[in-house]
Trainee: 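Following this message is one structure expressed as structure tokens.
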Amino acid sequence: LVAAPRALGPYDTAEPLTPYAQATTYNNYYEFGLGKADPARLAGGLRTQPWTVLIDGEVRAPLQVDLDRLRSWFTPEDRIYRMRCVEGWSMVMPWQGFPLAALLRRAEPTGHARYVQFTALHDPQQFPGQRGDVLAWPYVEGLRLDEALHPLTLLAVGLNGRALPNQNGAPLRLVVPWKYGFKSIKAVVRITLTRTQPPTTWSLAAPQEYGFYANVNPAVPHPRWSQATEQRIGEWGRQPTLPFNGYAREVADLYRGMDLRVFF
Amino acid sequence: MVVGGLVPLVGLLLDARTGALGANPVQRALLQTGLLALALLLLSLACTPLRTLSGWTWPARVRRALGLLAFAYAALHFLIYLFDHGLTPGVVLEDVLERPFITVGFVALVLLIPLAVTSTPRMVRRLGFVRWQRLHRAVYAAAALGALHYWWGVKKDHTGPLVAALALAALLVARWVRAPRRRS
């Protein structure tokens, strides 16, 4: 049986989906290893249930909640987003999830909240890659509060109408489609609202190469390679990379007046 | 020897046909040809130390083939990169001029060209052995730049580039240790 095609939503791209087999076997997930095939090979053992999420920091109503309960609060939405990796390849991913904003509003951010910090699971028993120190574990990421509240910013729990595969970040991952893929942290266990800009894993590992903002930007090359073009997985030949990964109309206003060469 | 050295190329072409190169076949082909070029170059550099240490003569006989194979894979590596960027000279020129990662790889390949051209016994005679040998010392620079290119091409895990750099350092030390003895 093939599901009836649904009408595209306002944020969906009409571009052809990356084949599911490729989207689930070509992954960057250093908790499982540095090779692209490592996550698909090693992620089977990750226990994604039960899963507890903590929402704390600058909020009036901190939460510590089981993911099943958290999911029951929201109606899952379909979002077909482009995903652009900082390494120069891209995919088109049909996510299911709910806007991060809906969850944050439930926790009632205080007037001091300016940023949101995300923390991934830290468990070297389940994550073989965390037994080495290739990155500072646990993986942490961050957004400015207005970025976090943007309707494009999604917490994903599904892919292709199925439960999110472990190698793609199950059971709960962030999806920020106008930023390079490394911002979209996987296996989230904690969401903390903060007054100051949180540290982020890749900007700590190589600050001259990976900034806090990490907006997709063809005009700002990575020090070692151009970001002007990208290899769409499953297609031949490179294609031009678009400012904000094609979401400029939706998000460019968030950065008005900022020099994006400085805040890369 | 040459036939043996082309086995990985056949494997690469077969993998490309069957889809075994994975989701990003161009990237995979780039990585594999680059690795083969550097590995073969290091092997060609190992021939002379191996011959002097062991007394065997066969390493000297395969050295030229190894060097030429290294050059062939490096050239193929560059051609794949060129086609991947749609043969647009502007993009490639910008990469070569502005990105040290690409610059050093490109220079390494250019350094290998005269060495490949002068690899025949006839060219050795024409240049005279001393001049020929001096010219072919450029292979060390090419190997060092190749290892640096590899190092800069890696996002996080530097094990591979480190192995290449250490191998090159060991080969240099092997020659340096031997050199004064021969002079006396």
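Proteins get letters first, then strands, A, B, ... in listed order; numbering begins at 1 in each. The analysis underlying the following values was restricted to heavy atoms, covering all of them including side chains, and did not include hydrogens, waters or symmetry mates.
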Trainee: Without swapping roles, check the side chain of B:H77 against the backbone of B:T33 for a donor-acceptor pair under 3.5 Å.
Mentor: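 No, because the side chain of B:H77 does not come within donor-acceptor range (under 3.5 Å) of the backbone of B:T33.
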Trainee: Evaluate the ring planes of A:F182 and A:Y210, with Trp represented by its six-membered ring, and classify them as parallel (under 30°), tilted (30 to 60°) or perpendicular (over 60°).
Mentor: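 A:F182 and A:Y210: perpendicular rings.
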Trainee: Need one label for A:E209: side chain, backbone, both or neither, based on atoms under 4.5 Å from any heavy atom in chain B.
Mentor: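 Answer is neither: A:E209 stays 4.5 Å or more from chain B.
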Trainee: Examine whether an atom of B:V154 lies under 4.5 Å from a heavy atom of chain A, and if so say whether it belongs to the side chain, the backbone or both; otherwise answer neither.
Mentor: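 The backbone, not the side chain.
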Trainee: Test your reading of the model: is there a side-chain donor-acceptor pair from A:R79 to the backbone of A:L154, 3.5 Å cut-off?
Mentor: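 Not a single qualifying donor-acceptor pair exists.
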Trainee: Considering only heavy atoms, which portion of B:D95 lies under 4.5 Å from any heavy atom of chain A: side chain, backbone, both, or neither?
Mentor: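 Just the side chain, heavy atoms under 4.5 Å.
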Trainee: Got a donor-acceptor contact below 3.5 angstrom from the A:S203 side chain to the A:P199 backbone?
Mentor: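 Checking the backbone N and O of A:P199 against the side chain of A:S203, no donor-acceptor pair under 3.5 Å is found.
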Trainee: Give me the contact list for residues 11-33 of chain A versus chain B, heavy atoms only, anything under 4.5 Å, ordered by residue number.
Mentor: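 Answer by number: A:Q22, A:Y26, A:N28, A:Y30.
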Trainee: With a 6.0 Å cut-off (strictly less than), is the heavy-atom count around CZ of A:R131, excluding the residue itself, greater than 12?
Mentor: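 Yes, CZ of A:R131 has more than 12 neighbouring heavy atoms, counting only those of other groups under 6.0 Å.
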Trainee: Is any residue of residues 135-146 of chain B within less than 4.5 Å of chain A by heavy atoms, and which ones?
Mentor: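 At a heavy-atom separation under 4.5 Å, chain A is reached by no residue of residues 135-146 of chain B.
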Trainee: Of A:F263, A:F244, A:F264, which is the lone residue that meets ring-ring contact (aromatic ring centres under 6.0 Å, His included) with A:Y255?
Mentor: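 Exactly one candidate clears the test, A:F244.
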Trainee: For the residue pair B:R63 and B:T48, what are the closest heavy atoms and their distance?
Mentor: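 Looks like NH1-OG1, 3.0 Å.
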Trainee: Within 45 degrees of the ring normal and closer than 6.0 Å to the centroid, is that where the cationic atom of A:R82 sits relative to A:Y247?
Mentor: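 Yes - A:R82 lies over the ring of A:Y247, closer than 6.0 Å to its centre and within 45° of its axis.
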Trainee: For the CD atom on A:Q208, are there more than 12 heavy atoms of other groups (residues, nucleotides or ligands in this structure) within a distance under 6.0 Å?
Mentor: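 Yes - once you tally the heavy atoms of other residues, nucleotides and ligands closer than 6.0 Å, there are more than 12.
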Trainee: Any idea which heavy atoms bring A:L135 and A:A205 closest together, and the distance?
Mentor: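 Closest heavy-atom pair between A:L135 and A:A205: CD2-CB, 3.9 Å.
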Trainee: Where does B:V91 contact chain A at under 4.5 Å (heavy atoms): side chain, backbone, both or neither?
Mentor: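 Nothing of B:V91, per the 4.5 Å heavy-atom cut-off to chain A.
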Trainee: Side-chain donor-acceptor pair under 3.5 Å between B:R51 and B:T57, yes or no?
Mentor: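 Judged by distance alone, the side chains do not pair up.
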Trainee: Please determine whether the number of non-hydrogen atoms from other residues, nucleotides or ligands lying under 6.0 Å from atom CG of A:D259 exceeds 12.
Mentor: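 It does: A:D259 CG has more than 12 such atoms within range.
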Trainee: I'd like to know if the side chain of A:Q126 pairs up with that of A:D123 as donor and acceptor (distance under 3.5 Å, no hydrogens or angles considered).
Mentor: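 Present: a donor and an acceptor within the cut-off.
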Trainee: Under 4.5 Å, heavy atom to heavy atom, which residues of residues 230-238 of chain A contact chain B?
Mentor: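 When heavy atoms of chain B are the reference, residues 230-238 of chain A contributes A:Q231, A:I233, A:G234, A:W236, A:R238 within the under-4.5 Å range.
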Trainee: To the nearest 0.5 Å, how far apart are CZ in A:R84 and OG in A:S90?
Mentor: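 Reported to 0.5 Å precision, the distance equals 7.0 Å.
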Trainee: In Å, rounded to the nearest 0.5 Å, how long is the span from CG of B:L36 to OH of B:Y73?
Mentor: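 Here the interatomic distance stands at 5.5 Å.
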Trainee: Any side-chain heavy-atom pair from A:L174 and A:V176 closer than 4.5 angstrom?
Mentor: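 Touching, per the 4.5 Å side-chain cut-off.
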Trainee: Test your reading of the model: is there a side-chain donor-acceptor pair from A:N245 to the backbone of A:W178, 3.5 Å cut-off?
Mentor: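 No, A:N245 side chain to A:W178 backbone: no donor-acceptor pair under 3.5 Å.
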Trainee: Considering only heavy atoms, give the residues of residues 212-228 of chain A separated from chain B by less than 4.5 Å, sorted numerically, with 'none' for an empty result.
Mentor: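 Within residues 212-228 of chain A, the residues that come under 4.5 Å of chain B (heavy atoms only) are A:P221, A:H222, A:P223, A:R224, A:W225, A:S226.
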Trainee: Answer yes or no: is there a side-chain heavy-atom contact under 4.5 Å between A:V116 and A:R144?
Mentor: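 No, their side chains stay 4.5 Å or more apart.
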